[in-house]
Amino acid sequence: MLISDDQAWGDYSFMGHEAIETPRLDALARQSLTFTRGYVPDSLCRPSLVTIISGLYPHQHGIVGNDPPHPNPKLTGRARFADPAYLARRLEYLKHIDAVETLPDRLASLDYLSLQTGKWWEGNYRRGGFTHGMTHGDRTRGGRHGDLGLKIGREGIAPIEEFLDLSEAEDKPFFIWYAPFLPHTPHNPPQRLLDKYSQRTDSLPVAKYWAMCEWFDETCGDVLDALDERGLAENTIVMYVTDNGWINRRDASRYAPRSKRSPHEGGIRTPIMVRWPGKIEPRMDKETLVSSIDLVPTALAAVGLPADAALPGVDLRDSAALARRDAIFGEILEHDIVHMDDPAPSLRYRWVIEGDWKLIDPVPRLDEPVELYDLSRDPHEQQNLAEQHPERVRALRQRLDHWWAPSVVR
């Protein structure tokens with residue numbers, strides 16, 4: 001599983017970007033069942049990553065933000081994170097991952113070895129069901145969102161190569177979670193790539209971000225090459241998704257509005273790919289709506305494990321199931337978790353896409369207007385049509401309420 005971190009849906013050459021080059025992911029897209037209308041339910045890393053590993057929406061798996069509520073909100077800076085009461089609360093919040101059946105948990109029944117690398121917020125890798133991993137998760141030693149795991153990609157992929165050799169030596173199937181801290185900040189790409197992209201824009205922060213996207217692409221190529229070199233590519237399923245979007249500001253290495261943490265396309269849309277040579281026919285699908293909730297059901301079906309009715313997603317290889325789906329849903333939540341157990345207080349927006357129509361429904365406390373877009377005509381959501389189509393707004397809100405209707409929405 002290849003997972004980009006903070007990258008907009010159009011920031012690949014195969015998606016038509018005017019400057020960014022991603023030759024390795026372009027090749028993967030040609031070899032895969034590739035959906036260009038893929039989405040993640042939430043545009044924040046921690047909830048999104050747990051959706052990818054569990055197949056559940058954030059309000060179902062219970063991990064709805066990056067950091068739990070602080071018992072002493074007056075504390076700031078280092079004192080805030082060093083507070084023993086807060087450390088206890090951060091550890092307590094890990095109960096949610098303990099209650100979730102992850103993809104590694106499920107694959108263990110088939111004697112899979114599983115490796116965690118990169119971004120991982122949920123304590124020690126073993127709490128996610130992994131047999132092997134890089135993240136120790138010790139909150140007293142910098143364990144917040146990956147610690148040692150964040151070295152993967154930026155410092156090569158030796159842990160992945162060693163794990164592949166181990167799985168071969170033990171003659172066991174394997175699962176690899178490759179979620180490098182790329183192209184995430186710090187935007188410090190190799191100089192050769194920064195020189196290349198500095199010639200394509202007059203904004204240094206944008207050049208840095210573009211260079212990071214190609215650097216991430218190169219590291220994905222390294223992982224795929226490691227499979228090829230061991231003769232494993234033909235019998236390995238490769239999945240690709242981004243945890244959330246990113247639009248880089250021109251004046252700083254920070255995200256612009258309507259990208260990360262927003263319900264707009266720049267925050268939630270991502271290409272989703274599945275490659276399995278000889279088993280899945282490569283095809284570029286530019287119409288079908290798919291979601292990161294579909295990755296776990298697809299993996300389970302592919303390896304022969306029974307379907308789980310508790311999972312809301314579908315097998316991406318099942319064209320009939322995809323044809324029956326006429327809408328996808330999501331929720332945008334606060335960065336800082338409001339309540340330890342109830343997801344509703346953290347909710348900011350719910351969103352739904354039905355065909356080409358997208359509704360963004362803010363909770364009342366935000367005092368923001370509802371937004372309705374026709375994505376076929378307005379893919380960058382410039383024209384809010386809510387006032388012109390009140391009946392469609394009403395109908396889509398009803399669909400949202402049928403999906404998830406916490407008391408905070410009305």
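Side-chain atoms of Glu371 and His264 form a donor-acceptor pair, as typed in the model, at a separation below 3.5 Å. For the residue pair Asp217 and Tyr12, no side-chain donor N or O sits within less than 3.5 Å of a side-chain acceptor on the partner. No side-chain donor from either of Ser291 and Asp294 sits under 3.5 Å from a side-chain acceptor of the other. In the model, His59 has a side-chain atom that pairs as donor or acceptor with a side-chain atom of Glu331 under 3.5 Å. In this structure, a donor-acceptor pair under 3.5 Å is present between the side chains of Thr219 and Tyr178. With 3.5 Å as the limit, one finds a donor-acceptor pair spanning the side chains of Asp195 and Gln191. Looking only at atom types and distance, the side chain of Thr135 has a donor-acceptor partner in the side chain of Gln116 under 3.5 Å away. Under the 3.5 Å distance criterion, with hydrogens and angles disregarded, no donor-acceptor pair is assigned to the side chains of Ser114 and His132. One side chain, Arg154 or Asn188, offers a donor N or O that lies under 3.5 Å from an acceptor on the other. A donor-acceptor contact closer than 3.5 angstrom links the side chains of Thr288 and Asp285. Side-chain atoms of Glu265 and Tyr373 include no donor-acceptor pair closer than 3.5 Å. When only modelled atom types and interatomic distance are considered, Thr22 and Asp26 share a side-chain donor-acceptor pair under 3.5 Å. A donor and an acceptor atom, one from each side chain of Asp6 and Asn244, are located under 3.5 Å apart.
For His187 and Trp246, the distance between ring centers is under 6.0 angstrom. When ring centroids are compared, Phe181 and His145 come within the 6.0 Å threshold. A distance below 6.0 Å separates the ring centres of Tyr57 and Trp403.
With Phe35 as the aromatic partner, Arg37 does not meet the cation-pi criteria of under 6.0 angstrom to the ring centre and within 45 degrees of the ring axis.
At most 12 heavy atoms of other shown residues, nucleotides or ligands fall within 6.0 angstrom of atom CG in Asp367. The 12-atom threshold is exceeded at CD of Gln388, counting heavy atoms of other residues, nucleotides or ligands nearer than 6.0 Å. More than 12 heavy atoms of other residues, nucleotides or ligands sit less than 6.0 Å from atom CZ of Arg325.
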Run the side chain to side chain contact (heavy atoms under 4.5 Å, CB included) check on Leu359 and Trp351 step by step: do they pass? CA-CA 6 Å; Leu359 183 80; Trp351 60 266; over 6 Å; no
Please test Val274 against Val238 for side chain to side chain contact (heavy atoms under 4.5 Å, CB included), starting from the C-alpha separation and ending with a verdict. CA-CA 6 Å; Val274 185; Val238 176; over 6 Å; no
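Using cut-offs of 30° and 60° for the angle between ring planes, the Tyr197 and Trp210 rings count as perpendicular.
A salt bridge does not link Arg46 with Asp243: none of the charged nitrogens is closer than 4.0 Å to a carboxylate oxygen. Ion pair Glu162/Arg230 not flagged as a salt bridge, since none of the NZ, NE, NH1 or NH2 atoms sits closer than 4.0 Å to an Asp/Glu carboxylate oxygen.
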